[in-house]
Structures are given as structure tokens and as C-alpha cells.
Amino acid sequence: MSKRFWTGLAVAGLVATLPATAHAASSCPADTCTEGQLADGTPYAFAKPARWNGAVLVDLDFAAGGLTSPLTASLVGRGYAVGGTTRTITSWNIARAIDNQAEALGKFEAAFGPARYAIAEGRSMGGMVAAGVAQVHPGRFDAAIPMCGGLGGAVGQWNQKLDTVFTLKTLLFRDTALPVTGMPADVPGTQQQWLAAVTSAQGTPAGRARIALAAAIGQLPGWGVAADGSPTPVPSDADADGIEQGMYLALAGGPLPYLGQAVSSRRAIEQLAGGNPSWNTGVDYARQFALAAPEQHNAVRRLYARAGLDLQADFARLAAAPRVTADPAAVAYLRKGIVFTGSLRIPVLTVNGTGDQISTVAQQSSYGSLVRRAGNEPLLRQTYVQTAGHCTYTTGEQQAAIDRMLTRLRTGHWPDTSPRTMNALSAAADGVAGRYLSYVPLRFNRMYPPTP
């Protein structure tokens, strides 16, 4: 039995005399649900089936609609207890969100008794938090499944976003008031200004060339989603226009454009951190472009030639532009949120979309590299899904990852996580063909702390 299991027994014993908090509710997808608030006011909720398999999933965002999601119905039907919190109180206070997952697990065990397997899982910020739980609370949790999380860590992720926006500003909008950092209180207005500016630039050959360069420097995908969220065709490696269109959609198209999130989340972070936590002092953007994906490298050069622009002259402009410096106290705040170190004591299975514009897939290479460097590679498996947009997985694709982790916990050994097996499990779960594939992401160009 794990230390976490015995801790759960102790917690259950301490609260045995308290009134039961579990109750049946009309929205409860299981036999029993419980809900309440954590110490900081964060809501939590859990659903437990009568035929419980002993595993409980704890998710940052569950209490914000998870009770009615198709994934919850699928999981409960397979015997999982599911639940978690919301980010409404914590926002970008990642350190508190990580601790809240452990507190929420305690609430579940107080109501239902100790879980045999406690698994931190989540998507987007929830994926980052799940990976943080694996690093910070391995004594309370048995495993983690981060999906589409920013696994470059909070500092590295936001440095990379700075690179993209800085390049756009310097090469296309230098004489405008569009902010790169220091986001104003009018977040919707600022988002609209950025999106309108990039949309206008997309209408000219020079604008398209420089949009492609900025996206390549920021390691954005060359494949995006349409305004209604539907995926566009995957462009071929030789299709420069298709790749640039995908880059533009990643930046300014679809229901969750990169630039919209770059404004809103940076505003939230700067308010919490008390300043700007990102910098690009010492960054060589010509070198970052040289390390871009080959098909993006080719597309940028072709678009520059077609527009009659000098790529080296633009690199010189980037090199000469005044750099952005960070507020040390704000960096310290973001570091506390989570900087991944590769220190693992419990198994972790990651899932990331190859066309994710928010949690860029190159960040997975950073996480994997740190785990290998720490000598913990046997505890990690990383998987990839060919999908555009942020966290656009099917129910079956998510179910397959969760089921594989449960098998890992029950047997003590990793089961097969090859694309063929994951796709078969995915199709069996919801009848929809899975899209797992073999994939090797680029080296993340803003690792923090930087590698030697």
C-alpha cells in the first residue's frame, strides 16, 4: 500500500464523526456526488459510481461543468470517480491551484473513504497543474495525466509567447500603440486591436511573410481551425501558402486565437505577479528561426522572396530593437507557480495535439528532456494526437489515456501506448477513429532554466 493510501485512511478516520457531505443531485452523473468549497473559497465537486474501481481523477476545471460532460459520463460508466475544482479563485496562481488539488482529494476521501489510485489530470492550465501535482505532491497522488498543458513551465511558456508578439510588433506594427507587455485593463479592446491588426496584415504579401516568421519563431503550428472551430485540411510540407494560412489561423483565427490568450492571460499574470515576468534580452531570433520546423523554414523563405523582402534585414531589425526586460519579483512569482525540473516519483502520461496553438507541442520536448536528465524516463510516457486547436480531443482519445494509466497503476508496468493501440482503445470507447500518431516535437527554444 502506498503512503498516500495510508494517509487517506487516517483522513477518513479523523472525519468519520462528521456529517456526510455526499448527496445525490439531479445533475449528478453517478450514484453519489459531493460538492463544497475549499479553504480559499474554490468550489469542488466529485461524482462516485456505486461500482467504483478505486480510482479517482482530480481535475483543475471539473467543478466548472464537468458533471455534465461526455467524458465524465464515459468515465463514471467505467467505474471511475471523477471530480476536482475550478480556476475561478486561483487564476494564474499556479502554486495555489496545485495545492488545491491535494486539498480537493482530501475532501473526496473525507466523504467516500481512501481511494486506491488518485490521479491528477486536466487540460490546458489543468494539464500544467496536473504535471505540477506530480512534482509537488507525489505522496498524495499516484499518477498524473497532463493533457494539452504548458509543459515548458510558466516562465518558459510566457517567454516564448513574448517572442511571437515582439516579432509581430517590431516587424509589422512598430509605429502603433499595440502592447507587448503591460497589458491594459481593457482586455477585450486590446484583444480586438491585435486581432484586427494581424487580420489586416494577412491581406498583403509582406504581412503574410512576417506573420509566418513570427509564428515560426514562436513554434506555432502551421495548421489551424476555422472560425467555427472546425479543423482545416492539414497542409502538405511543400504548401507554403497553406502553412502560412495555418499560422495565421493559430494566431488570429478560430474560437481561441493565440493572440487573444496572449493578451488576457498576460494581463492576469501581470496583475498577480505585480509586473512583467518575461524577457528577451540576449535572444537571437535568427537562431530561433534556424531551429524552426523545416516546412515552416521553407515557407517563410518562399513568402519573403515572393513579397520582395530581405529576411536578413528583418533579422537585423529584430536584433536592433530595444529588448524587453523582466521584473525580477514577477519572475520569482511565476517560478513559484511551477518550473518543471524532471523530478518524478509517480508515473506521468502526457497527451498533446500537434496543432495546438496555445500549449505548443514543442513544450513537450522540454518536459521530456528534463525528465530524462533527472534519470526518471521510466516514469514518463508522452503521446501525440493529430488535431488542430487547443485541447480538441475526442472523448475516446481521453478515455484511452486514462485507461492506460489505470493499467500502469494496477500492474506496476507500462502497457502499450503506441498509436495503434491508443487508437484502438479510443475507437472502442466512443466509436470514433482515434488520431494518435508517432511524433517527435521540436526542441523547445525557450527552456527555463536554459540548458547548457
Within-4.5 Å side-chain heavy-atom neighbours: [X] and [Y]:
X: N100; Y: T90; value: yes
X: L251; Y: L220; value: yes
X: L195; Y: P257; value: yes
X: V225; Y: T392; value: no

Which of these passes ring-ring contact (aromatic ring centres under 6.0 Å, His included) with F166: Y285, W279, F173?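 Only one of Y285, W279, F173 forms a ring-ring contact (aromatic ring centres under 6.0 Å, His included) with F166, namely Y285.
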Should the pair F108 and F46 be assigned to parallel (<30°), tilted (30 to 60°) or perpendicular (>60°) ring geometry?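 Answer is tilted, since the angle falls between 30° and 60°.
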Using distance alone, with no hydrogens and no angle criterion, decide if [X] and [Y] have a side-chain donor and acceptor under 3.5 Å apart.
X: R123; Y: Q398; answer: yes
X: S278; Y: R266; answer: yes
X: N280; Y: N159; answer: no
X: T341; Y: S343; answer: no
X: Y393; Y: R435; answer: no

Between Y248 and T199, does a side chain to side chain donor-acceptor pair (under 3.5 Å) hold up when you go through it step by step? CA-CA 8 Å; Y248 162 71; T199 298; 3.0 Å; yes
Go through the steps for S74 and Q399 under the test side chain to side chain donor-acceptor pair (under 3.5 Å), then give the verdict. CA-CA 8 Å; S74 179; Q399 183 73 61; 2.6 Å; yes
Applying side chain to side chain donor-acceptor pair (under 3.5 Å), run through Y439 and N352 and close with a yes or a no. CA-CA 10 Å; Y439 188 81; N352 211 91; over 6 Å; no
Got a donor-acceptor contact below 3.5 angstrom from the [X] side chain to the [Y] backbone?
X: Q219; Y: R443; result: yes
X: T167; Y: D163; result: yes
X: S359; Y: C148; result: yes
X: S366; Y: A362; result: no
X: E270; Y: G182; result: yes

Among Q101, E103, Q37, find the residue that satisfies the side chain to side chain donor-acceptor pair (under 3.5 Å) test when tested with T85.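 Passing option: Q101.
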Please determine whether a side-chain nitrogen of the Lys or Arg among D310 and R317 lies less than 4.0 Å from a carboxylate oxygen of the Asp or Glu.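 Salt bridge between D310 and R317, a charged N being under 4.0 Å from a carboxylate O: no.
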CG on D99 to CG on D40, rounded to 0.5 Å: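 Between atom CG of D40 and atom CG of D99 there are 10.0 Å.
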Validation row, ring centre F289 to ring centre F315 under 6.0 Å: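 Yes, the ring centres sit under 6.0 Å apart.
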Going through the checks in order, is the side-chain contact (heavy atoms from CB on, under 4.5 Å) test met by V324 and N276? CA-CA 9 Å; V324 176; N276 166 43; 3.5 Å; yes
